[in-house]
Amino acid sequence: PATGSTPPASSPPTPPPANPSTSPALSPPTGPTLSPLEHWILNIEILSIEFPILLAAINARHSHTSLGARCLLANMDDLRPQTLLLEFTLQQSASDIATAIAAINPRILGLGVYIWNASRVAELLPLLRQQLPHLIIILGGPEIQKEQPPCRPFESLADFLLPGEG
């Protein structure tokens with residue numbers, strides 16, 4: 001290259017395609033009047049997407065995520081586009097969780113039961129049975145024991161039990 005020559009002008013980088021989940025057109029209005037639960041419900045209503053399969057997790061706090069639910073989601077294969085993952089925390093009431101799940105109106109719910117969320121699941125399942133009587137509920141996780149008959153109240157409200165840690 002000759003000395004003193006300027007490099008050719010390059011065009012500005014092309015922005016990445018818009019992510020539908022963060023697109024301003026699809027985001028609910030923000031403001032102090034909407035709770036996080038109302039934001040979730042509004043997002044689902046705006047998108048008008050059917051998710052017949054819901055994988056839900058009730059975590060101890062917001063900083064925790066559910067590895068089990070994410071592994072299930074990653075292995076849904078052809079059913080992945082019809083599957084939604086929602087995570088809740090113990091700080092949310094069973095009523096709020098049931099309302100969020102009922103807003104989606106899934107046909108199948110998969111829920112992991114752990115020592116830290118077993119009592120919240122026990123509160124949640126009767127509410128779901130009342131709000132969504134045709135919902136198929138699948139419970140799995142370490143608190144579902146195959147060696148013992150169902151001893152927790154929520155196990156009698158499930159359609160299927162998948163015992164063990166995974």
Side-chain angles (χ1 to χ4, degrees), residues 16-28 36-147 150 152 154-166:
N19 179 351
S21 65
T22 59
S23 171
L26 297 177
S27 294
L37 173 63
E38 290 167 326
H39 279 279
W40 265 107
I41 293 169
L42 188 55
N43 266 330
I44 296 302
E45 289 172 355
I46 288 171
L47 294 174
S48 297
I49 297 173
E50 274 194 39
F51 291 104
I53 303 169
L54 175 62
L55 301 175
I58 302 174
N59 301 319
R61 58 178 62 155
H62 285 290
S63 61
H64 299 162
T65 58
S66 174
L67 180 60
R70 282 179 169 66
C71 287
L72 288 172
L73 184 65
N75 287 286
M76 291 302 288
D77 294 328
D78 294 341
L79 296 174
R80 174 61 183 96
Q82 302 169 42
T83 306
L84 178 67
L85 169 63
L86 286 183
E87 292 188 86
F88 303 97
T89 68
L90 291 176
Q91 288 71 39
Q92 293 171 278
S93 70
S95 177
D96 284 349
I97 296 170
T99 300
I101 291 171
I104 296 163
N105 195 24
R107 286 185 297 191
I108 301 170
L109 170 67
L111 184 60
V113 185
Y114 299 88
I115 195 165
W116 59 84
N117 71 5
S119 62
R120 186 60 42 114
V121 172
E123 297 170 37
L124 174 65
L125 292 183
L127 298 173
L128 289 174
R129 283 292 180 217
Q130 183 180 29
Q131 294 179 31
L132 300 168
H134 301 293
L135 177 65
I136 297 170
I137 299 175
I138 303 169
L139 298 180
E143 291 300 302
I144 306 298
Q145 303 293 323
K146 66 180 173 184
E147 295 85 22
R152 293 195 186 261
F154 57 82
E155 291 176 343
S156 63
L157 294 171
D159 296 295
F160 298 96
L161 300 175
L162 303 174
E165 297 178 12

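What you see below is based on every heavy atom in this structure, not just the backbone, and it leaves out hydrogens, waters and symmetry mates. The residues of the chain are indexed from 1 along the displayed sequence.
Nearest heavy atom pair, residue L109 against residue A56, reads CD1-CB, 3.8 Å. Considering every non-hydrogen atom in both R120 and I58, the closest pair reads CG-CD1, 4.0 Å. Taking both residues in full, the closest heavy atoms of L124 and A94 are given as CD1-O, 3.6 Å, listed atom of the first, atom of the second, then distance. L135 approaches P106 most closely through the heavy-atom pair CD1-O, 3.3 Å. Summarising the geometry of A102 relative to Q131, their closest heavy-atom pair is CB-OE1, 3.2 Å, with the distance given to 0.1 Å. Of all the heavy atoms in A100 and F88, the pair that sits closest is CB-CE2, 3.8 Å.
At least one side-chain heavy atom of I101 sits under 4.5 Å from a side-chain heavy atom of L132. P142 is not listed as a side-chain neighbour of I115, based on a closest heavy-atom distance of 4.5 Å or more.
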Side chain to side chain contact (heavy atoms under 4.5 Å, CB included), that's the test. Do I137 and L125 meet it? Break it down for me. CA-CA 9 Å; I137 299 175; L125 292 183; 3.9 Å; yes

Evaluate L139 against F160 for side chain to side chain contact (heavy atoms under 4.5 Å, CB included), listing each step before the verdict. CA-CA 6 Å; L139 298 180; F160 298 96; over 6 Å; no

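Listed by first then second residue, pairs satisfying salt bridge (charged side-chain N to carboxylate O under 4.0 Å, His left out) with a partner in residues 105-118 number zero, not counting sequence neighbours. Pairs of residues two or more places apart, or lying in two chains, that qualify as salt bridge (charged side-chain N to carboxylate O under 4.0 Å, His left out) and include a residue from residues 126-137 are R129-D159.
Distance alone, capped at 3.5 Å, is enough to place a donor-acceptor pair between the N117 side chain and the G112 backbone.
Of the inter-residue distances, the one linking L55 atom CG with I138 atom CD1 reads 9.0 Å to the nearest 0.5 angstrom. Here the CG-CG distance, from L54 to L85, works out to 8.0 Å after rounding to the nearest 0.5 Å.
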For residues 72-84, dump all side-chain donor-acceptor pairs below 3.5 Å to protein atoms at least two apart in sequence or in another chain.
unit_1	atom_1	unit_2	atom_2	d
N75	ND2	C71	O	2.8
R80	NH1	T83	O	3.1
T83	OG1	L79	O	2.7

